[in-house]
There are 2 protein chains.
Amino acid sequence: MFAPYRYLIMNTNLLLKNIAKHIDLTTEEQELFISMITVQSCKSRTILLHATEICKHSYFVNSGILRSFTINDNIVEHVLNFACEGYWIGDMYSLLSQKPGNLFIEVIEEAELLLLSKENQEILYEKIPKFERFFRILTENSLVANQERLLDNLSLSAEERFEKFCSKHPQLVNKVPQKQIASYIGVTPEFFSKMKSKMLHR
Amino acid sequence: MFAPYRYLIMNTNLLLKNIAKHIDLTTEEQELFISMITVQSCKSRTILLHATEICKHSYFVNSGILRSFTINDNIVEHVLNFACEGYWIGDMYSLLSQKPGNLFIEVIEEAELLLLSKENQEILYEKIPKFERFFRILTENSLVANQERLLDNLSLSAEERFEKFCSKHPQLVNKVPQKQIASYIGVTPEFFSKMKSKMLHR
DNA sequence: AAAGCTACTTAACCTAGATTAAGAAATAAT
DNA sequence: ATTATTTCTTAATCTAGGTTAAGTAGCTTT
(Lines give C-alpha, C1' and ligand atoms only; values in the text may rest on other atoms or scores of the structure.)
Protein backbone atom coordinates (compact mmCIF):
# COMPACT_ATOMS: atom_id res chain seq x y z
CA MET A 1 0.00 0.00 0.00
CA PHE A 2 2.77 2.41 1.01
CA ALA A 3 6.21 2.77 -0.45
CA PRO A 4 9.01 1.70 1.91
CA TYR A 5 9.96 4.27 4.49
CA ARG A 6 13.17 5.28 2.77
CA TYR A 7 11.37 6.37 -0.38
CA LEU A 8 9.05 8.55 1.63
CA ILE A 9 11.80 10.55 3.23
CA MET A 10 14.43 10.42 0.51
CA ASN A 11 15.06 13.92 -0.70
CA THR A 12 16.96 13.91 -3.95
CA ASN A 13 16.42 17.55 -4.91
CA LEU A 14 19.87 18.71 -3.97
CA LEU A 15 21.57 15.81 -5.70
CA LEU A 16 19.53 16.15 -8.90
CA LYS A 17 20.20 19.88 -8.93
CA ASN A 18 23.90 19.20 -8.68
CA ILE A 19 23.79 16.66 -11.47
CA ALA A 20 21.81 19.06 -13.67
CA LYS A 21 24.72 21.48 -13.49
CA HIS A 22 26.78 19.12 -15.60
CA ILE A 23 24.50 16.76 -17.56
CA ASP A 24 20.87 16.72 -18.73
CA LEU A 25 18.79 13.75 -17.66
CA THR A 26 15.37 12.76 -18.98
CA THR A 27 12.66 12.07 -16.42
CA GLU A 28 13.11 8.32 -16.94
CA GLU A 29 16.84 8.59 -16.44
CA GLN A 30 16.30 10.56 -13.27
CA GLU A 31 13.96 7.88 -12.01
CA LEU A 32 16.38 5.11 -12.86
CA PHE A 33 19.12 6.98 -11.09
CA ILE A 34 17.01 7.58 -8.00
CA SER A 35 16.08 3.91 -7.86
CA MET A 36 19.78 3.17 -7.44
CA ILE A 37 20.21 5.47 -4.47
CA THR A 38 19.48 4.75 -0.82
CA VAL A 39 19.17 7.11 2.15
CA GLN A 40 20.89 6.82 5.47
CA SER A 41 20.54 9.04 8.51
CA CYS A 42 23.50 9.03 10.87
CA LYS A 43 24.19 10.45 14.27
CA SER A 44 27.31 12.38 15.04
CA ARG A 45 30.35 10.13 15.62
CA THR A 46 29.05 7.31 13.46
CA ILE A 47 31.91 5.60 11.69
CA LEU A 48 30.71 4.84 8.17
CA LEU A 49 33.91 3.22 7.02
CA HIS A 50 36.77 1.62 8.93
CA ALA A 51 40.29 1.73 7.55
CA THR A 52 40.33 -2.06 7.35
CA GLU A 53 37.14 -2.30 5.33
CA ILE A 54 36.53 -2.20 1.60
CA CYS A 55 34.62 0.93 0.63
CA LYS A 56 31.34 -0.06 -1.00
CA HIS A 57 29.63 3.30 -1.46
CA SER A 58 30.02 6.89 -2.48
CA TYR A 59 28.28 9.15 0.02
CA PHE A 60 26.44 12.28 -1.04
CA VAL A 61 25.76 14.67 1.83
CA ASN A 62 22.20 15.97 1.94
CA SER A 63 22.78 17.59 5.30
CA GLY A 64 25.35 17.42 8.10
CA ILE A 65 29.12 17.13 7.96
CA LEU A 66 31.48 14.17 7.44
CA ARG A 67 35.22 13.76 7.30
CA SER A 68 37.69 11.21 5.98
CA PHE A 69 40.95 10.61 7.81
CA THR A 70 43.84 8.21 8.40
CA ILE A 71 45.38 7.16 11.70
CA ASN A 72 49.15 6.95 12.03
CA ASP A 73 50.77 4.44 14.37
CA ASN A 74 47.39 4.10 16.09
CA ILE A 75 47.69 7.61 17.47
CA VAL A 76 47.76 10.62 15.22
CA GLU A 77 44.81 11.40 12.95
CA HIS A 78 45.20 13.16 9.61
CA VAL A 79 42.12 14.65 8.01
CA LEU A 80 42.04 14.16 4.26
CA ASN A 81 38.69 15.78 3.58
CA PHE A 82 35.58 17.31 4.99
CA ALA A 83 32.24 17.00 3.21
CA CYS A 84 29.18 19.12 3.92
CA GLU A 85 25.88 19.68 2.16
CA GLY A 86 26.12 19.07 -1.54
CA TYR A 87 29.44 17.24 -1.53
CA TRP A 88 30.45 13.63 -2.12
CA ILE A 89 32.81 11.71 0.09
CA GLY A 90 34.31 8.23 0.04
CA ASP A 91 37.59 6.37 -0.05
CA MET A 92 38.31 6.56 -3.74
CA TYR A 93 41.30 4.25 -3.59
CA SER A 94 39.34 1.52 -1.85
CA LEU A 95 36.23 2.11 -3.93
CA LEU A 96 38.13 1.77 -7.20
CA SER A 97 40.40 -1.10 -6.24
CA GLN A 98 37.92 -2.86 -3.98
CA LYS A 99 40.76 -3.46 -1.57
CA PRO A 100 40.92 -2.19 2.01
CA GLY A 101 42.06 1.41 2.01
CA ASN A 102 43.37 3.22 5.00
CA LEU A 103 40.73 5.88 5.39
CA PHE A 104 38.08 6.19 8.03
CA ILE A 105 34.87 8.05 7.24
CA GLU A 106 33.10 9.58 10.19
CA VAL A 107 30.04 11.72 10.78
CA ILE A 108 30.97 14.98 12.48
CA GLU A 109 27.51 16.53 12.56
CA GLU A 110 24.30 14.51 12.36
CA ALA A 111 23.83 13.80 8.68
CA GLU A 112 21.45 12.62 6.01
CA LEU A 113 23.27 10.79 3.27
CA LEU A 114 22.44 9.44 -0.16
CA LEU A 115 24.37 6.28 -0.96
CA LEU A 116 25.42 5.09 -4.37
CA SER A 117 26.91 1.61 -4.25
CA LYS A 118 29.93 0.66 -6.33
CA GLU A 119 27.79 -1.89 -8.22
CA ASN A 120 25.05 0.59 -8.97
CA GLN A 121 27.61 3.10 -10.10
CA GLU A 122 28.93 0.59 -12.62
CA ILE A 123 25.41 -0.22 -13.79
CA LEU A 124 24.76 3.48 -14.10
CA TYR A 125 27.76 3.91 -16.37
CA GLU A 126 26.38 1.18 -18.63
CA LYS A 127 22.77 2.31 -18.67
CA ILE A 128 23.27 6.07 -18.71
CA PRO A 129 26.73 6.80 -20.15
CA LYS A 130 26.22 10.49 -19.44
CA PHE A 131 27.17 9.63 -15.88
CA GLU A 132 30.68 8.92 -17.09
CA ARG A 133 30.81 12.59 -17.93
CA PHE A 134 29.24 13.65 -14.65
CA PHE A 135 31.73 11.76 -12.52
CA ARG A 136 34.59 12.72 -14.80
CA ILE A 137 33.83 16.38 -14.17
CA LEU A 138 33.37 15.82 -10.46
CA THR A 139 36.70 14.01 -10.25
CA GLU A 140 38.46 16.66 -12.30
CA ASN A 141 37.26 19.34 -9.92
CA SER A 142 38.42 17.32 -6.92
CA LEU A 143 41.80 16.82 -8.51
CA VAL A 144 42.22 20.53 -9.17
CA ALA A 145 41.31 21.30 -5.55
CA ASN A 146 43.69 18.64 -4.29
CA GLN A 147 46.58 19.88 -6.37
CA GLU A 148 46.06 23.37 -5.07
CA ARG A 149 46.00 22.11 -1.50
CA LEU A 150 49.17 20.13 -2.11
CA LEU A 151 50.99 23.19 -3.44
CA ASP A 152 49.62 25.25 -0.55
CA ASN A 153 51.08 22.74 1.90
CA LEU A 154 54.43 23.04 0.14
CA SER A 155 54.51 26.80 -0.09
CA LEU A 156 52.35 28.50 2.55
CA SER A 157 52.82 28.95 6.29
CA ALA A 158 50.36 27.41 8.74
CA GLU A 159 48.73 30.81 9.23
CA GLU A 160 48.23 31.30 5.53
CA ARG A 161 46.80 27.82 5.15
CA PHE A 162 44.37 28.50 7.97
CA GLU A 163 43.27 31.81 6.44
CA LYS A 164 42.72 30.07 3.14
CA PHE A 165 40.73 27.36 4.87
CA CYS A 166 38.52 29.99 6.50
CA SER A 167 37.77 31.76 3.26
CA LYS A 168 37.22 28.54 1.32
CA HIS A 169 35.15 26.71 3.92
CA PRO A 170 33.34 29.29 6.05
CA GLN A 171 30.52 26.78 6.69
CA LEU A 172 32.97 24.49 8.45
CA VAL A 173 35.08 26.83 10.56
CA ASN A 174 32.67 27.04 13.49
CA LYS A 175 31.13 23.60 13.22
CA VAL A 176 34.12 21.33 13.06
CA PRO A 177 36.22 20.60 16.19
CA GLN A 178 39.26 22.80 15.95
CA LYS A 179 41.72 19.96 16.32
CA GLN A 180 40.33 18.57 13.09
CA ILE A 181 40.91 21.83 11.29
CA ALA A 182 44.43 21.78 12.71
CA SER A 183 44.89 18.30 11.31
CA TYR A 184 43.49 19.32 7.91
CA ILE A 185 45.90 22.20 7.52
CA GLY A 186 48.73 20.07 8.87
CA VAL A 187 49.64 21.26 12.37
CA THR A 188 49.20 19.91 15.90
CA PRO A 189 46.20 21.04 17.98
CA GLU A 190 48.57 22.72 20.48
CA PHE A 191 50.32 24.73 17.82
CA PHE A 192 47.01 25.59 16.23
CA SER A 193 45.69 26.94 19.51
CA LYS A 194 48.81 29.05 20.00
CA MET A 195 48.70 30.33 16.46
CA LYS A 196 45.02 31.21 16.68
CA SER A 197 45.46 33.33 19.80
CA LYS A 198 48.50 35.00 18.25
CA MET A 199 46.39 35.90 15.23
CA LEU A 200 43.64 37.30 17.44
CA HIS A 201 46.02 39.58 19.39
CA ARG A 202 46.99 41.41 16.24
CA MET B 1 52.50 13.52 -52.56
CA PHE B 2 53.85 12.98 -49.08
CA ALA B 3 52.03 13.29 -45.81
CA PRO B 4 53.22 16.20 -43.66
CA TYR B 5 56.35 15.50 -41.69
CA ARG B 6 54.61 15.11 -38.38
CA TYR B 7 52.51 12.19 -39.57
CA LEU B 8 55.56 10.34 -40.73
CA ILE B 9 57.25 10.38 -37.39
CA MET B 10 54.23 10.33 -35.08
CA ASN B 11 54.37 7.19 -33.00
CA THR B 12 51.06 6.52 -31.31
CA ASN B 13 51.71 2.93 -30.22
CA LEU B 14 52.34 3.75 -26.59
CA LEU B 15 49.31 6.01 -26.33
CA LEU B 16 46.97 3.57 -28.05
CA LYS B 17 48.26 0.76 -25.84
CA ASN B 18 47.51 2.89 -22.80
CA ILE B 19 44.04 3.70 -24.01
CA ALA B 20 43.36 0.04 -24.75
CA LYS B 21 43.90 -0.74 -21.08
CA HIS B 22 40.68 1.08 -20.26
CA ILE B 23 38.45 1.24 -23.35
CA ASP B 24 38.07 -0.64 -26.66
CA LEU B 25 38.27 1.42 -29.81
CA THR B 26 37.38 0.32 -33.33
CA THR B 27 39.94 0.95 -36.06
CA GLU B 28 37.91 3.93 -37.27
CA GLU B 29 37.76 5.39 -33.79
CA GLN B 30 41.50 4.96 -33.42
CA GLU B 31 42.03 6.77 -36.68
CA LEU B 32 39.72 9.60 -35.70
CA PHE B 33 41.53 9.92 -32.40
CA ILE B 34 44.95 9.94 -34.03
CA SER B 35 43.82 12.63 -36.47
CA MET B 36 43.21 14.84 -33.45
CA ILE B 37 46.69 14.43 -32.05
CA THR B 38 49.84 16.30 -33.00
CA VAL B 39 53.47 15.58 -32.22
CA GLN B 40 56.03 17.90 -30.79
CA SER B 41 59.69 17.30 -30.11
CA CYS B 42 61.25 19.48 -27.44
CA LYS B 43 64.72 20.05 -26.18
CA SER B 44 65.58 20.05 -22.53
CA ARG B 45 64.63 23.32 -20.76
CA THR B 46 61.84 24.17 -23.18
CA ILE B 47 59.02 25.89 -21.36
CA LEU B 48 55.79 24.51 -22.81
CA LEU B 49 53.51 26.59 -20.61
CA HIS B 50 54.06 29.82 -18.73
CA ALA B 51 52.17 30.51 -15.52
CA THR B 52 50.52 33.51 -17.12
CA GLU B 53 49.21 31.59 -20.13
CA ILE B 54 46.02 29.64 -20.64
CA CYS B 55 46.73 25.94 -21.00
CA LYS B 56 45.50 24.75 -24.39
CA HIS B 57 46.74 21.17 -24.48
CA SER B 58 47.14 17.97 -22.60
CA TYR B 59 50.59 16.53 -23.15
CA PHE B 60 51.22 12.81 -23.46
CA VAL B 61 54.85 11.84 -23.01
CA ASN B 62 56.14 9.44 -25.65
CA SER B 63 59.70 9.83 -24.41
CA GLY B 64 61.64 12.17 -22.17
CA ILE B 65 60.67 13.82 -18.89
CA LEU B 66 58.60 16.91 -18.04
CA ARG B 67 57.59 18.65 -14.86
CA SER B 68 54.94 21.11 -13.75
CA PHE B 69 55.72 23.66 -11.05
CA THR B 70 54.77 26.99 -9.50
CA ILE B 71 57.02 29.86 -8.55
CA ASN B 72 56.52 31.65 -5.26
CA ASP B 73 57.31 35.33 -4.88
CA ASN B 74 59.40 35.05 -8.05
CA ILE B 75 61.95 32.92 -6.24
CA VAL B 76 61.06 29.51 -4.90
CA GLU B 77 59.91 26.75 -7.22
CA HIS B 78 57.51 24.03 -6.12
CA VAL B 79 57.24 20.93 -8.26
CA LEU B 80 53.69 19.65 -8.57
CA ASN B 81 54.35 16.74 -10.89
CA PHE B 82 56.82 14.89 -13.01
CA ALA B 83 55.76 13.07 -16.16
CA CYS B 84 57.79 10.48 -17.98
CA GLU B 85 57.08 7.96 -20.73
CA GLY B 86 53.45 6.95 -20.82
CA TYR B 87 52.11 9.75 -18.60
CA TRP B 88 49.98 12.81 -19.27
CA ILE B 89 50.78 16.25 -17.96
CA GLY B 90 49.08 19.64 -18.13
CA ASP B 91 47.65 22.39 -15.98
CA MET B 92 44.26 20.90 -15.26
CA TYR B 93 42.92 24.03 -13.57
CA SER B 94 43.81 26.22 -16.52
CA LEU B 95 42.77 23.64 -19.07
CA LEU B 96 39.31 23.23 -17.53
CA SER B 97 38.63 26.87 -16.74
CA GLN B 98 40.46 28.32 -19.72
CA LYS B 99 41.86 30.95 -17.39
CA PRO B 100 45.54 31.54 -16.68
CA GLY B 101 46.72 29.04 -14.09
CA ASN B 102 49.87 29.39 -12.11
CA LEU B 103 51.75 26.38 -13.33
CA PHE B 104 54.77 26.22 -15.56
CA ILE B 105 55.40 23.12 -17.65
CA GLU B 106 58.99 22.46 -18.57
CA VAL B 107 60.94 19.80 -20.40
CA ILE B 108 63.54 18.24 -18.12
CA GLU B 109 64.88 15.68 -20.56
CA GLU B 110 64.54 16.00 -24.33
CA ALA B 111 61.05 14.77 -25.09
CA GLU B 112 58.66 13.65 -27.77
CA LEU B 113 55.13 14.65 -26.92
CA LEU B 114 51.69 13.94 -28.28
CA LEU B 115 49.36 16.91 -27.92
CA LEU B 116 45.62 16.81 -27.52
CA SER B 117 44.09 20.27 -27.70
CA LYS B 118 41.26 21.34 -25.41
CA GLU B 119 38.97 21.74 -28.45
CA ASN B 120 39.80 18.33 -29.84
CA GLN B 121 39.27 16.79 -26.44
CA GLU B 122 35.75 18.27 -26.36
CA ILE B 123 35.06 17.04 -29.89
CA LEU B 124 36.35 13.64 -28.87
CA TYR B 125 33.89 13.47 -25.99
CA GLU B 126 31.06 14.18 -28.43
CA LYS B 127 32.16 11.84 -31.20
CA ILE B 128 33.49 8.97 -29.10
CA PRO B 129 31.81 9.10 -25.70
CA LYS B 130 33.98 6.21 -24.55
CA PHE B 131 36.67 8.82 -24.05
CA GLU B 132 34.62 10.23 -21.20
CA ARG B 133 35.27 6.93 -19.48
CA PHE B 134 38.93 6.89 -20.42
CA PHE B 135 39.64 10.31 -19.00
CA ARG B 136 37.41 9.66 -16.02
CA ILE B 137 39.53 6.66 -15.10
CA LEU B 138 42.75 8.56 -15.72
CA THR B 139 41.60 11.41 -13.52
CA GLU B 140 40.43 9.05 -10.79
CA ASN B 141 43.86 7.44 -10.69
CA SER B 142 45.56 10.83 -10.50
CA LEU B 143 43.27 11.85 -7.68
CA VAL B 144 44.05 8.73 -5.70
CA ALA B 145 47.78 9.31 -6.17
CA ASN B 146 47.41 12.96 -5.17
CA GLN B 147 45.47 12.16 -2.04
CA GLU B 148 48.11 9.68 -0.99
CA ARG B 149 50.84 12.23 -1.57
CA LEU B 150 48.90 14.82 0.42
CA LEU B 151 48.55 12.46 3.39
CA ASP B 152 52.22 11.52 3.06
CA ASN B 153 53.16 15.17 3.31
CA LEU B 154 51.05 15.48 6.44
CA SER B 155 52.29 12.35 8.14
CA LEU B 156 55.74 11.29 6.97
CA SER B 157 59.20 12.72 7.58
CA ALA B 158 61.27 14.07 4.71
CA GLU B 159 63.37 10.88 4.72
CA GLU B 160 60.32 8.70 4.48
CA ARG B 161 58.90 10.80 1.67
CA PHE B 162 62.17 10.51 -0.22
CA GLU B 163 62.28 6.75 0.23
CA LYS B 164 58.74 6.50 -1.04
CA PHE B 165 59.62 8.69 -4.01
CA CYS B 166 62.55 6.40 -4.87
CA SER B 167 60.45 3.26 -4.77
CA LYS B 168 57.57 4.81 -6.68
CA HIS B 169 59.59 6.63 -9.32
CA PRO B 170 62.86 4.74 -9.81
CA GLN B 171 62.99 5.97 -13.44
CA LEU B 172 63.24 9.54 -12.22
CA VAL B 173 65.65 9.37 -9.30
CA ASN B 174 68.82 9.54 -11.35
CA LYS B 175 67.52 11.61 -14.24
CA VAL B 176 65.93 14.57 -12.53
CA PRO B 177 68.06 17.34 -10.93
CA GLN B 178 68.10 16.62 -7.23
CA LYS B 179 66.86 20.05 -6.26
CA GLN B 180 63.67 19.24 -8.13
CA ILE B 181 63.22 16.03 -6.21
CA ALA B 182 63.79 18.06 -3.04
CA SER B 183 61.09 20.45 -4.16
CA TYR B 184 58.70 17.61 -5.00
CA ILE B 185 59.01 16.03 -1.57
CA GLY B 186 58.84 19.46 0.05
CA VAL B 187 62.28 20.38 1.39
CA THR B 188 65.03 22.83 0.44
CA PRO B 189 67.91 21.63 -1.75
CA GLU B 190 70.35 22.28 1.11
CA PHE B 191 68.43 20.17 3.55
CA PHE B 192 67.95 17.49 0.93
CA SER B 193 71.68 17.30 0.35
CA LYS B 194 72.38 17.02 4.05
CA MET B 195 69.69 14.40 4.50
CA LYS B 196 70.95 12.34 1.59
CA SER B 197 74.49 12.15 2.90
CA LYS B 198 73.17 11.30 6.36
CA MET B 199 71.20 8.43 4.84
CA LEU B 200 74.27 7.19 2.99
CA HIS B 201 76.45 7.14 6.12
CA ARG B 202 74.12 4.66 7.77
C1' DA C 1 24.69 17.41 39.96
C1' DA C 2 28.64 14.43 40.00
C1' DA C 3 31.77 11.86 37.47
C1' DG C 4 34.08 11.03 33.37
C1' DC C 5 35.45 12.20 28.77
C1' DT C 6 37.04 14.98 25.25
C1' DA C 7 38.43 19.43 23.54
C1' DC C 8 40.99 23.53 24.21
C1' DT C 9 44.74 26.46 26.31
C1' DT C 10 49.23 27.75 28.04
C1' DA C 11 53.97 27.35 28.73
C1' DA C 12 58.64 25.37 28.79
C1' DC C 13 61.55 23.08 26.06
C1' DC C 14 62.97 20.60 21.78
C1' DT C 15 63.98 19.45 16.75
C1' DA C 16 63.26 18.92 11.79
C1' DG C 17 63.99 21.55 8.48
C1' DA C 18 64.95 26.67 6.76
C1' DT C 19 68.25 30.28 5.88
C1' DT C 20 72.55 32.27 4.75
C1' DA C 21 76.84 31.98 2.93
C1' DA C 22 80.81 30.18 0.72
C1' DG C 23 83.20 26.76 -1.86
C1' DA C 24 83.38 22.65 -5.09
C1' DA C 25 81.69 20.15 -8.91
C1' DA C 26 79.32 19.65 -12.92
C1' DT C 27 77.07 21.60 -17.36
C1' DA C 28 76.54 24.70 -20.80
C1' DA C 29 78.10 28.36 -23.71
C1' DT C 30 81.72 30.80 -26.25
C1' DA D 1 89.86 24.91 -23.88
C1' DT D 2 88.06 28.68 -21.15
C1' DT D 3 84.52 31.02 -19.03
C1' DA D 4 80.09 31.43 -17.23
C1' DT D 5 76.07 29.25 -15.08
C1' DT D 6 73.91 26.22 -12.65
C1' DT D 7 73.87 22.47 -9.32
C1' DC D 8 75.46 20.32 -5.27
C1' DT D 9 77.75 20.26 -0.69
C1' DT D 10 78.98 21.69 3.90
C1' DA D 11 78.52 24.25 7.94
C1' DA D 12 76.86 27.70 11.18
C1' DT D 13 72.87 29.71 12.81
C1' DC D 14 67.91 30.33 13.20
C1' DT D 15 62.80 29.39 13.54
C1' DA D 16 58.27 27.38 12.61
C1' DG D 17 56.16 24.14 14.43
C1' DG D 18 56.43 19.70 17.52
C1' DT D 19 56.44 17.55 22.19
C1' DT D 20 55.41 17.09 26.87
C1' DA D 21 52.84 18.24 30.60
C1' DA D 22 49.52 20.33 33.45
C1' DG D 23 45.41 22.93 33.94
C1' DT D 24 40.72 24.51 32.45
C1' DA D 25 36.45 24.40 30.18
C1' DG D 26 32.88 22.11 27.92
C1' DC D 27 30.40 17.95 26.80
C1' DT D 28 27.99 13.40 27.97
C1' DT D 29 26.42 9.91 30.75
C1' DT D 30 24.49 8.31 34.87
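The basis for the numbers below is simple: all heavy atoms, side chains too, and nothing from hydrogens, waters or symmetry mates. Bear in mind that the values here come from a model prediction, so they are computed numbers and not experimental data. Within every chain, numbering begins at 1; the chains are lettered A, B, ... in the order of the sequence lines, protein sequences first and strands thereafter.
- Nearest nucleotide to the A:Arg45 side chain, out of C:dT6, D:dT9, C:dA18: C:dT6.
- The interatomic distance linking B:Ile75 (CD1) with C:dT20 (C1') rounds to 13 Å, in whole Å.
- Side chains of B:Ser183 and B:Gln180: no donor on one and acceptor on the other come within 3.5 Å.
- Both tests hold for A:Arg149 against A:Tyr184: distance to the six-membered ring centre under 6.0 Å, angle to the ring axis within 45°.
- One finds no side-chain N or O of B:Lys194 lying less than 4.0 angstrom from the OP1 or OP2 phosphate oxygen of C:dA16.
- For the OP1/OP2 pair of C:dG17 and a distance below 4.0 Å, the side-chain nitrogens and oxygens of B:Thr188 include no atom meeting the criterion.
- When ring centroids are compared, A:Phe131 and A:Tyr125 stay outside the 6.0 Å threshold.
- With hydrogens and angles ignored, the 3.5 Å screen pairs no side-chain donor or acceptor of A:Glu140 with any backbone N or O of B:Tyr93.
- When each of A:Ser193 and B:Met195 is assigned the nucleotide of DNA chain C bearing its nearest heavy atom, the one mapping closer to the 5' terminus is A:Ser193.
- Where A:Gln180 and B:Val187 each meet DNA chain C at their nearest nucleotide, the meeting point lying more 5' is that of A:Gln180.
- When rounded to the nearest whole Å, the span between CZ of B:Phe191 and P of D:dC14 equals 19 Å.
- Taking atom CG on B:Asp73 and atom P on C:dT19, their separation rounds to 11 Å, with Å as the unit.
- Atom CD in B:Glu190 sits roughly 16 Å away from atom P in D:dT6 (whole-Å rounding).
- Residue contacts shown for B:Lys198 are absent, as no nucleic acid heavy atom lies under 4.0 Å away.
- Note: CD (B:Glu106) to C1' (D:dT6) measures 13 Å, nearest angstrom.
- Put simply, CD on B:Gln178 is 12 Å from P on C:dT27, counting in whole angstrom units.
- Between B:Ile181 atom CD1 and D:dT7 atom P there is a gap of 13 Å when expressed in whole angstrom units.
- Side-chain nitrogen and oxygen atoms of A:Arg161 include none within less than 4.0 Å of the OP1 or OP2 phosphate oxygen of D:dA16.
- In this structure, A:Lys179 places its NZ atom 15 Å from C1' of D:dA25, rounding to the nearest Å.
- Each of A:Lys196, A:Lys194, A:Glu190 was evaluated against A:Phe192; a single residue qualifies, A:Lys196, per the side chain to side chain contact (heavy atoms under 4.5 Å, CB included) test.
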